[in-house]
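Input: a single structure, listed below in structure tokens.
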Amino acid sequence: MSTLEATRPARAVDPADLATERLDLGYDGTLVVRALDLQLPPGEVTAIVGPNGCGKSTLLGALARVHGPQGGAVLLDGRDLAGLRPRDAARRIGLLPQQAEAPDGLTVRDLVRYGRHPHQGLLRQWSPEDAAAVHRALAAADLLDLADRPLDTLSGGQQQRAWIAMVVAQETAVVLLDEPTSALDLGHQLEVLDLVHDLAAQGRTVVLVLHDLSTACRHADHLVALRDGRVVAEGTPAGVVTAELVRDLYGVEATVLRDPVAGTPVVCPARRAGRRQEPRPHADPGRR
Amino acid sequence: MTATAPPAGATAPTAGTAPAPPGTWWLGLLGRSLLVDRRALTAATALAVLVVATVAVSLAVGTAAVPLTRTLPAVVGAGEPRDVLLVQQLRLPRVAAGLAVGAALGVAGVLLQTLARNRLATPDTVGLNDGAAAFAVASVVAVPMSLAPSASALVGSATAAALAVGLAGGAGRRGYRFLVVGLGVGAALGAVTQLVLARAPIDEANRAFPWTIGSLNSRAPTAVAVLAVGLAVALPVAVVLGRQLRLLRLADAVVLGLGQRVGRIRLGVIATAVVAAGLSVATAGPLGLVALLAPEIARKAAGPRVVPVVGAALASALVVLLADLVGRTVAAPVELPAGIVTAVLGGPYLLWLLLTTRTRRMP
């Protein structure tokens with residue numbers, strides 16, 4: 001492999017066909033997601049949106065085999081994900097959950113190396129492919145200069161890019177990111193979202209959980225709106241995001257405008273549905 | 001964001017070889033490969049040298065000193081009969097027991113701390129040692145058989161582990177809960193020991209007493225042999241588990257997303273810790289705080305990349321041997337049990353740990 005090739009982001013991957021079939025998810029007898037049928041378009045960015053507690057993160061975890069379904073199935077290329085060996089599943093599907101923490105003192109490169117875990121074994125601890133993949137992931141996340149810095153000395157945006165680089169190094173056809181832009185400022189959000197677009201451009205199926213509807217509209221090709229564990233709307237952001245959907249999802253009256261740059265929907269919330277006056281400054285319509 | 005050219009100094013990997021990440025050695029042959037962490041290896045080597053030096057001093061020093069130049073021949077039975085008696089017959093078994101007990105406690109400590117993601121979680125605190133001691137004491141009082149303490153200590157530590165894990169609803173995901181429940185289980189089993197000792201006839205209680213303080217003085221040869229066999233199995237298993245545990249320091253969802261079978265590793269870790277802690281208590285009783293102190297030394301030395309199983313075993317052996325050496329010499333001819341010395345040394349350390357633990361995470 002030439003030097004140039006190794007620094008370029010990974011070439012197009014085998015596209016993966018990820019879907020759910022009558023999927024029930026839940027904990028302790030309560031179903032969070034009910035009879036969900038979903039088809040995630042390969043090579044596109046899908047955003048899952050919805051109010052707090054609607055089952056977004058639970059769904060993402062199930063797509064990565066972190067928890068098993070109560071009923072139904074997640075299908076990877078038409079086969080039941082639960083029937084796959086965990087390692088084989090992890091070679092096709094990568095997940096970055098929320099609130100990831102690393103041991104103190106671990107460097108960016110150490111973390112990104114963990115992404116190679118599903119490709120390694122007890123007697124296959126480091127291969128040329130591993131070295132190349134880690135290098136590509138660091139390059140894709142623009143972290144080559146920071147590779148040997150301890151994570152805890154980096155900014156929030158850089159840390160988040162390091163975590164995403166770990167998932168990139170896994171070199172999976174499906175990349176699942178749970179709120180990858182939360183707690184980041186505007187510039188850092190865009191850095192992360194640019195990286196997300198690069199991943200999709202390589203033919204990966206990217207699924208994001210996002211809490212900001214406008215961000216989702218601007219950056220996703222495909223939008224899935226969940227409420228109470230059911231799909232309320234699904235399609236292109238421009239096609240599905242309306243004032244009715246915002247009221248339905250969040251209980252908020254809003255005006256939906258067009259982004260003057262991208263032409264995608266922009267949501268301007270006005271007040272909580274059913275209220276006449278302006279809302280209190282921090283009124284939270286969610287369940288938390 | 002898209003990478004164009006690598007910045008100056010960064011070199012891209014080329015075909016054929018696998019450039020080792022910084023700080024590691026790569027050993028590869030026929031598609032198999034090992035990656036050795038240099039800092040961890042250096043740390044283990046340094047600790048091993050210290051252990052060897054402490055073994056030599058322990059063999060030489062005592063109520064009757066044997067010069068170091070005559071100690072080594074005496075180990076293999078050469079030299080004056082008096083030296084051979086002191087070194088080979090009296091001190092060598094004691095030092096060997098100290099090595100084995102220390103290594104076992106260190107392994108159990110580093111495994112449990114990493115599993116619970118809390119460095120206060122050790123075989124002392126989660127009740128394994130108390131369980132082993134309670135069952136060992138009960139068996140000595142009830143069953144007159146030399147194998148009984150080892151077997152029942154094993155059952156005791158397994159019982160304590162099962163109770164702590166079961167009542168906490170898991171050991172890893174709920175590390176803090178596991179620790180608190182373990183403290184309770186340990187206290188209850190400690191009370192069992194006291195009850196058995198209080199109800200037993202005085203000379204039987206005397207025979208069982210060593211299992212309650214922790215000392216290398218009154219070990220049974222059978223228990224040492226059983227511990228040695230147990231370690232021969234547990235240590236290699238622990239080394240393999242230690243590699244997997246590097247990943248388990250991350251959040252569960254991350255680890256599962258990377259295709260690791262978390263439950264299987266947790267079970268292996270608990271089983272290994274039970275064997276190591278149980279057999280070491282059967283040999284020397286509960287040596288307090290060793291399993292807390294030693295892994296910390298090993299981690300400081302080996303760095304954040306690894307879970308230092310071998311380092312913790314060596315550091316722990318070092319702590320136990322030094323504690324025994326101090327106990328034998330500091331107030332000679334009166335001998336302080338090693339368990340008292342480790343508690344005296346470990347107590348202030350534990351306090352320091354509790355007072356300085358701000359947001360520090362494990363490990």
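Quick note on labels: first sequence line is chain A, next is B, and so on, each numbered from 1. Keep in mind that this is a model prediction, so the values were computed, not measured.
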Pair up each side-chain donor or acceptor in residues 41-49 of chain B with any protein partner under 3.5 Å, not counting sequence neighbours, and list the distances.
unit_1	atom_1	unit_2	atom_2	d
B:T42	OG1	B:R38	O	2.7
B:T45	OG1	B:L41	O	2.7

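- Neither the backbone nor the side chain of A:R91 comes within contact range of chain B, judged by heavy atoms closer than 4.5 Å.
- At least one side-chain heavy atom of A:Q170 sits less than 4.5 Å from a side-chain heavy atom of B:L258.
- Of all non-hydrogen atoms in B:L34 and A:L123, the two that sit nearest each other are CD2-CD2, 4.2 Å.
- For the options B:L250, B:L35, B:V240, B:V255, heavy-atom pairs under 4.5 Å to chain A are most numerous at B:L35.
- Proximity to chain A (any heavy atom under 4.5 Å) is shown, for B:R305, by both the backbone and the side chain.
- Ranked by heavy-atom pairs under 4.5 Å with chain A, the first of B:G259, B:G257, B:A253, B:S33 is B:S33.
- Listed by chain and residue number, nothing satisfies the salt bridge (Lys or Arg N to Asp or Glu O under 4.0 Å) test with A:D185 (two or more places apart in sequence, or in another chain).
- Looking at A:R124, both its backbone and its side chain come within 4.5 Å of chain B, counting heavy atoms on both sides.
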With side chain to side chain contact (heavy atoms under 4.5 Å, CB included) as the test, would you mind laying out the steps for B:T24 and A:Q125 before giving the verdict? CA-CA 12 Å; B:T24 60; A:Q125 297 180 351; over 6 Å; no

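- Between the CZ atom of B:R246 and the CG atom of A:D110 there is a distance of 10.0 Å, given to the nearest 0.5 Å.
- Here the straight-line distance linking atom CG of A:L122 with atom CD of B:Q244 works out to 7.0 Å at 0.5 Å rounding.
- Proximity to chain A is limited to the side chain of B:R243, based on heavy atoms less than 4.5 angstrom apart.
- B:W26 places a side-chain N or O within 3.5 Å of a backbone atom of A:W126 that can act as its donor or acceptor partner.
- Put simply, of B:G303, B:A251, B:P22, B:G28, the one with the most heavy-atom pairs under 4.5 Å next to chain A is B:P22.
- The CZ atom of A:R87 lies 6.5 Å from the CD atom of B:Q260; values are rounded to the nearest 0.5 Å.
- If you tally non-hydrogen atom pairs under 4.5 Å between each of A:T172, A:D178, A:L106, A:L95 and chain B, the highest count goes to A:L106.
- Within the 4.5 angstrom heavy-atom criterion, no atom of A:L96 approaches chain B.
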